[in-house]
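Since this is a predicted model, take the numbers as computed values, not measurements. Values below: every heavy atom of this structure, side chains too, minus hydrogens, waters and symmetry copies.
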Amino acid sequence: MSDVRVIIQRDSEREERVVTTGTTAAELFDGERTVVAARVGDELKDLAYAVADGEVVEPVEISSEDGLNILRHSTAHVMAQAVQELFPEAKLGIGPPIRDGFYYDFDVAEPFTPEDLKRIEKKMQEIQKRGQRFSRRVTNDDDARVELADEPYKLELIGLKGNAANAADGADAEVGAGELTIYDNLDAKTGELCWKDLCRGPHLPTTRNIPAFKLMRSAAAYWRGSEKNPQLQRIYGTAWPSKDELKAHLEFLAEAEKRDHRKLGSELDLFSFPEELGPGLAVFHPKGGVVRKVMEDYSRRRHEESGYEFVNTPHISKEHLFETSGHLPHYAEGMFPPIEFDGQNYRLKAMNCPMHNLIFKSRGRSYRELPLRLFEFGTVYRYEKSGVVHGLTRSRGFTQDDSHIYCTKDQMAEELDKLLTFVLDLLRDYGLNEFELELSTRDPESDKFIGSDEDWAEATEALRLAAEKQGLPLVPDPGGAAYYGPKISVQAKDAIGRSWQMSTLQVDFNQPKRFGLEYTAADGSRQQPVMLHRALFGSIERFFGVLLEHYAGAFPAWLAPVQAVGIPIGDAHIPYLREFAEKARAQGLRVEVDASSDRMQKKIRNQQKAKVPFMVIAGDEDMENGAVSFRYRDGLQENGIPVDEAIAKIVKIVEERVQV
């Protein structure tokens, strides 16, 4: 047999190795149990792949991003096999890996029950122990249609082929622009076919290479994400390189569930989603209204200090405005349908920028006015499919803390630097401290982006320089820009390590052109301003939800709807605590007194559940000494604090925005 030379690449190290023709990637990495696939050039390959002369081969570890995707995709196949063994009539949809797990869609007569999931998971364990081999097999369209004649959704994917990635999320895991392949699950001993699926791969060598998995839940999902298509049943699962990692992930999910803002919003009487309003539309209750007002007031104050001017715009507009801005041609699917009256079509406002452009254009502008920083708490309405609506963090009606800055090209770099610093400082004030920046640029192959190459290059470079000055991790996001310009997104980590997209900052040369915006320059010429888009919170509602989960409902005192509650030891102490509350309210504090008939211990438990920062307790001795006792959320108590000193302490903690 002839020899072939290959390069084994491990990070920056390269090793040349001479092997016989037909050597597989598995043989190259023999004994390395954590290697589950290989990267050859730019392509991921199964370990069964026979390497060719001159190829650069890189091992793929199971704990890497690619390795996790392969593990989870393979586990999705095992789940689909288990479902079809238990429910032979089930038709296969799509089964891709996703963040922290996988899913598979099935067309079945009845929705899956929790008992069904237990049976499926048990069957998966049986398949895993059998050690079935994942075997790649190349086919063609005609043969695949014959072989998969009983799988209507797979037949549809074969027809889409190279267009699958645009046809449905996860469809590119099944078919792509290249050759069509089927993966067979083969019996470890006999090699007989146990199950098969249309798939691009790669996969683990065998089902025994799946270390740990668990099925999580089932839900309804429309085929290819369209409400016009059949409704399928989706099963979600998770898979990890070890049982310890699976256990840690499940513990993380349990903690995340405790922090779910929808659950906390109900328990703490902050907001609700009445069915009468429709999906994605929240109403804020009095306590939630307090938190929201405090958030808005502090943001407003900081904006005023930084030279922003406040504006207000209506919730509805003639449709033509959004044609001028370019939103209708490029964003129509995200807007509510037109409303026709007076012989014209009107639209609910989906974004504030077109109306801010009209404010800029309302009169002549001089270079002396620039940068002009407009700011609005502007309520917008966006059509989100019911399947993706999620509490406050993905809703249909929300209020953006939206600003648009109009400046000269010479001012752009300094303004971006100031903007990003302002955004990060304000987020830190609300208690978020760990950030990552993402730079979204345009895809040169796509036709969705408008504007010249020169403008895009200049805007992208300005954003990159502003981001690098912050000294934070900067992650590229090719193709993720808005259609009118590149953007920086601020990703913030919460208390349990989840990453949330918060603020966005965008450079826009295009809307000023479309609206004919001009200012008079120092030399008397008419020039076009640069427009900077910036939403600091993203939306008030979404930021509220993120903070609620970050603090697990226990807001710092400055944000808490009720900052202190007076708890009398007996009824005789109620008037004394009411006097305390009156004094505290005069200092701007939000203080109540629990004068209910409940016993003191129950009152304490109630306020602990309500996550009130300070419980102010008073009895005979406190009254005699003109003092109170503090009880904190964690059960610690501080006794005999003089009234004025107690109020001053709460005021100080509120002013310094610290947690207790």
Side-chain angles (χ1 to χ4, degrees), residues 258-274 277 280-303 375-379 390-395 397-402 426-433 492 494-496 498 500 502-503 535-565 581 584-585 587-592 594 606-616 632-633 650-660:
K258 290 179 194 172
R259 293 169 178 260
D260 189 319
H261 71 278
R262 297 166 299 175
K263 175 173 170 281
L264 290 170
S266 174
E267 290 173 356
L268 301 176
D269 194 21
L270 300 173
F271 54 81
S272 59
F273 296 89
L277 291 182
L281 300 168
V283 292
F284 282 78
H285 302 185
K287 286 182 179 178
V290 169
V291 179
R292 180 170 174 151
K293 180 178 183 299
V294 173
M295 288 169 59
E296 291 180 359
D297 287 351
Y298 184 68
S299 176
R300 187 182 295 272
R301 192 187 95 197
R302 289 293 306 275
H303 278 85
F375 178 85
E376 176 180 16
F377 286 116
T379 301
H390 184 82
L392 297 179
T393 57
R394 193 80 180 261
S395 54
F398 50 89
T399 302
Q400 291 187 305
D401 58 327
D402 220 354
L426 196 52
L427 290 175
R428 290 183 181 107
D429 287 346
Y430 286 92
L432 298 169
N433 294 293
D494 67 10
I496 59 173
R498 294 173 299 182
W500 298 88
M502 304 306 307
S503 314
L536 196 151
F537 295 148
S539 77
I540 296 292
E541 290 80 0
R542 188 170 187 277
F543 193 60
F544 190 115
V546 171
L547 286 184
L548 187 55
E549 296 200 11
H550 175 62
Y551 289 115
F555 285 116
W558 76 283
L559 283 172
V562 179
Q563 294 164 328
V565 171
R585 284 194 285 266
Q587 295 289 318
L589 299 176
R590 299 184 290 277
V591 182
E592 297 177 355
D594 188 343
N606 289 342
Q607 300 314 320
Q608 283 177 323
K609 286 180 181 177
K611 303 182 187 291
V612 173
F614 293 92
M615 284 169 267
V616 183
Y632 299 98
R633 288 166 170 153
I650 300 174
V651 168
K652 185 172 186 290
I653 284 171
V654 168
E655 288 177 346
E656 293 178 354
R657 298 185 304 281
V658 295
Q659 181 64 292
V660 292

So do the side chains of [X] and [Y] get within less than 4.5 Å of each other, counting heavy atoms only?
{"X": "E296", "Y": "I540", "result": "yes"}
{"X": "R657", "Y": "P556", "result": "no"}
{"X": "K611", "Y": "L264", "result": "yes"}
{"X": "Q400", "Y": "R542", "result": "no"}
{"X": "M615", "Y": "Q608", "result": "yes"}
{"X": "R300", "Y": "F375", "result": "no"}
{"X": "R302", "Y": "L536", "result": "no"}
{"X": "Q563", "Y": "V591", "result": "no"}

- Task: Could you walk me through whether V294 and R590 pass side-chain contact (heavy atoms from CB on, under 4.5 Å), step by step?
- Result: CA-CA 11 Å; V294 173; R590 299 184 290 277; 3.6 Å; yes
- Item | R259 bridged to D494 by N-O distance under 4.0 Å |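 A salt bridge is absent here (no side-chain N lies under 4.0 Å from a carboxylate O).
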Could you report the tightest heavy-atom contact between [X] and [Y], atom names first, then the distance?
{"X": "S299", "Y": "L426", "answer": "OG-CD2, 4.2 Å"}
{"X": "I650", "Y": "A564", "answer": "CD1-CB, 4.2 Å"}
{"X": "L589", "Y": "V651", "answer": "CD1-CG2, 3.8 Å"}
{"X": "A557", "Y": "P613", "answer": "CA-CG, 3.9 Å"}
{"X": "L548", "Y": "G265", "answer": "CD2-N, 4.0 Å"}
{"X": "L281", "Y": "G397", "answer": "CD2-N, 3.6 Å"}

- Quick one: sort the W558 and Y298 rings into parallel, tilted or perpendicular, breaks at 30° and 60°.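 Ring orientation, 0 to 90° scale: perpendicular.
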Would you give the length of the straight line joining atom [atom1] of [X] to atom [atom2] of [Y], rounded to the nearest 0.5 angstrom?
{"X": "H550", "Y": "R498", "atom1": "NE2", "atom2": "CZ", "answer": "10.5 Å"}
{"X": "F273", "Y": "L392", "atom1": "CZ", "atom2": "CG", "answer": "4.0 Å"}
{"X": "R585", "Y": "E592", "atom1": "CZ", "atom2": "CD", "answer": "8.0 Å"}
{"X": "E549", "Y": "R262", "atom1": "CD", "atom2": "CZ", "answer": "8.0 Å"}
{"X": "F398", "Y": "F537", "atom1": "CZ", "atom2": "CZ", "answer": "15.0 Å"}
{"X": "S266", "Y": "D260", "atom1": "OG", "atom2": "CG", "answer": "11.0 Å"}

- Which of F544, Y551, F555, F543 passes ring pair (Phe, Tyr, Trp, His ring centres under 6.0 Å) with Y430? Answer is F543
- Query: With no hydrogens and no angle check, is any side-chain donor or acceptor of Q659 less than 3.5 Å from a backbone partner on A554?
  - Reply: yes
- Pick out which of V546, L432, L547 makes a side-chain contact (heavy atoms from CB on, under 4.5 Å) with W500.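 For W500, the side-chain contact (heavy atoms from CB on, under 4.5 Å) check succeeds only for V546.
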